[in-house]
Amino acid sequence: MIIHTKKMPFNFDGKCFKIISFVDKTLFIIGLLFFLYSYNIGYTTWMFYAILIVFFSSLLYCCQNIKKRLGLLLFYLVFFLFLMGRMFVDLFTYGYVTYNFDPPIGSHINLCLFISIVFLRFGFLIIEKFIKLQDRPLFQDKYHLYRIKKISKFIFYLAILATIPMVLEEFFYILNDSYGALYTSFESKIPSIIRVISNMRTISVFVFLGCFPDKKEIRIPIIFILLNGCLQMLTGDRTNLSQAILIIVFYYGLRQLLAPEEKWIKKSYIIIAFIAIPFFLAFMSFFVYIREGFNTNEVTIFNQFIRFFRSIGRSVDVIGYGKYYESELPSRIYTIADIINYFKYNQITAFLFDMHLPAQHTKDFALGGYSFMHSLTYLIDPELYLKGHGAGSSYVAEAYFDLGYIGVAVLNTVYGAFLAYIYKSLYRNPIIIGCFLQAINIMFYVPRGAADYPITYILNITVISALLIIFVYSYNDIILNKLHKLKRKMKNG
């Protein structure tokens, strides 16, 4: 595979690279020693200062080779937003970090964050240093590449059309009732086949993008990805739009790596992004006011920008609550809970054995241990949970519950390794690359989501069905040829 070495915008080289590398390593060692000292004396605010030092050194590590570490950089940034943002704002507002728990749990939160930041980098480093880049060209089978692009793009456009009535149905339901009721009492009247097609939209567009089409070919699909994110906001969902932006940035970084002469990322794009980010984050915060019907009379861009960090950064409390309710949570392996639920409760087992999951946001579902986020939210506030609200989850909290601090280290190592491995696998079939993009897309949400999301968002019947349709259509000539050979062999034998 040909990987170009031209600079990406704001990439470092020469003396500047050596200086950045030295500062990175120095800050990492200082942060490590400072954290160990602060943890030993139990001073939680100092611990967070140490975490910020190590976090900043990790950002410098990413910037030293940003064309290959963009995925890790983006993950660090969402990690900061979800798990460090509120505490960061507290630190610079009050001069200290506030916790909703006793000091021992505050120390536990800080230790989990510290381990996560360090071992994300460690996992990435292992793959980057010890697994060599395979010298293979990109997927060269032009005939099958054309067919993969054709069918995946067709499914994506069809899925977008199928999504529109689903979103409108949910939107009008919220208007007539409430946002919380969408999760407790809403039942769609749209035919299941329409819902299945709609849920094929992400994997189909990622397979299309995995074909590495030229700029002109991807413009309309990219626009539709963003429009879909905007459309989902009608139902109160901010996640789709945020994830869409992140995965597009990641994908453009991949294309810049493969073909820098095409200028997929320009300095002007980066400057515009830095200017737009505060306004975008303020809007994301303001959107919650609209969704929940809060008073908007005294809203300003600045206070909404600060509020965004406070509100979305509350995901760190999940780590604390996970420790606080450790003895009361149902005994399950939560890092693979969704995988277990999927293989135990799905369309096939429902049809053959009449096995069904209890309805979500019910006591049975919460106390049955089917989901860490549901069980934990119920323990925190049963009444609020039964009304359709949730505290969310975090892969860090789930890993700690299952295997303690070793689990946190191992899972972050795996995540870091995967974010590096994608750069080693760009020669693979577009269908495989599409699956990688699907996994990375949801990985940007796991700081406040379930640990096994990157797997369950691929290993489900809808996604597998879409992949089979793409594969069969794209390779029907090979499949038919093999079937004819098998038929002749059986006839002669």
Side-chain angles (χ1 to χ4, degrees), residues 1-5 8 11 58-59 61-79 115-140 202-203 206-212 243 246-260 264 335-336 339 395-396 399 407-447 449-459 463 467:
M1 176 174 58
I2 299 173
I3 298 293
H4 298 268
T5 56
M8 193 173 182
N11 206 36
S58 297
L59 296 186
Y61 169 76
C62 295
C63 291
Q64 289 170 57
N65 192 355
I66 196 169
K67 62 181 181 291
K68 294 183 181 178
R69 298 173 186 170
L70 180 60
L72 182 64
L73 175 64
L74 292 173
F75 191 86
Y76 271 131
L77 293 178
V78 295
F79 183 95
I115 291 172
S116 298
I117 293 169
V118 171
F119 280 89
L120 276 168
R121 177 172 173 168
F122 176 69
F124 194 96
L125 189 63
I126 289 174
I127 300 299
E128 189 177 59
K129 292 292 185 183
F130 299 109
I131 295 184
K132 292 183 179 180
L133 187 67
Q134 300 194 40
D135 188 18
R136 299 188 191 181
L138 296 177
F139 190 71
Q140 296 293 313
T202 52
I203 188 61
F206 288 147
V207 171
F208 172 76
L209 295 177
C211 296
F212 298 129
Q243 285 180 306
L246 286 169
I247 197 64
I248 289 170
V249 171
F250 175 77
Y251 180 75
Y252 270 57
L254 280 182
R255 299 304 300 272
Q256 178 71 27
L257 173 65
L258 294 172
W264 286 81
T335 47
I336 57 171
I339 297 174
Y395 79 98
V396 178
V408 177
V410 169
L411 187 56
N412 278 283
T413 300
V414 171
Y415 280 172
F418 179 73
L419 287 168
Y421 182 74
I422 183 69
Y423 294 96
K424 309 285 186 178
S425 308
L426 298 179
Y427 61 87
R428 292 184 179 274
N429 187 290
I431 296 175
I432 302 298
I433 296 175
C435 291
F436 285 162
L437 291 173
Q438 174 94 334
I440 290 173
N441 181 53
I442 196 61
M443 269 188 69
F444 291 139
Y445 190 71
V446 296
D452 57 1
Y453 273 176
I455 298 175
T456 57
Y457 272 66
I458 296 174
L459 294 181
V463 171
L467 293 174

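Throughout, numbering of the chain's residues begins at 1 and tracks the sequence.
Put simply, NZ on K129 and CZ on F124 are 11.0 Å apart, with the number rounded to the nearest 0.5 Å. Atom CZ of F436 sits about 4.5 Å away from atom OG of S425, to the nearest 0.5 Å. Summarising the geometry, atom CD1 belonging to I247 is positioned 5.0 Å from atom CZ belonging to F206; distances are rounded to the nearest 0.5 Å. Taking CG of L120 as the reference point, atom CG of L419 lies at 7.5 Å (rounded to 0.5 Å). Interatomic distance, OH of Y423 versus CG of L70, reported as 5.0 Å (0.5 Å rounding). One distance of note links NZ of K424 with NZ of K68; it measures 6.5 Å at 0.5 Å rounding.
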### Task
Kindly indicate, with the supporting measurements, whether the criterion ring pair (Phe, Tyr, Trp, His ring centres under 6.0 Å) is fulfilled by F122 and F119.
CA-CA 5 Å; F122 176 69; F119 280 89; 5.8 Å; yes

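Across all non-hydrogen atoms, the minimal contact from L437 to G210 is CD1-N, 4.4 Å. P454 and A439 make their closest contact through O-CB, 3.7 Å (heavy atoms, listed as atom of the first residue, atom of the second, distance). For the residue pair F444 and V78, the shortest heavy atom distance occurs at O-CG2, 3.6 Å.
In this structure a side-chain-to-backbone donor-acceptor pair under 3.5 Å is missing from Y457 to M443.
Residue pairs meeting the side-chain hydrogen bond (donor to acceptor under 3.5 Å, both in side chains) criterion with at least one member in residues 431-445, sequence neighbours excluded, are T202-Q438.
Checked against side chain to side chain donor-acceptor pair (under 3.5 Å), N412 has the following partners two or more places apart in sequence or in another chain: S116, Y395. For Y453, the side chain to side chain donor-acceptor pair (under 3.5 Å) test picks out no residue, with sequence neighbours left out.
Ring planes of F75 and F79: tilted class, angle from 30 to 60°.
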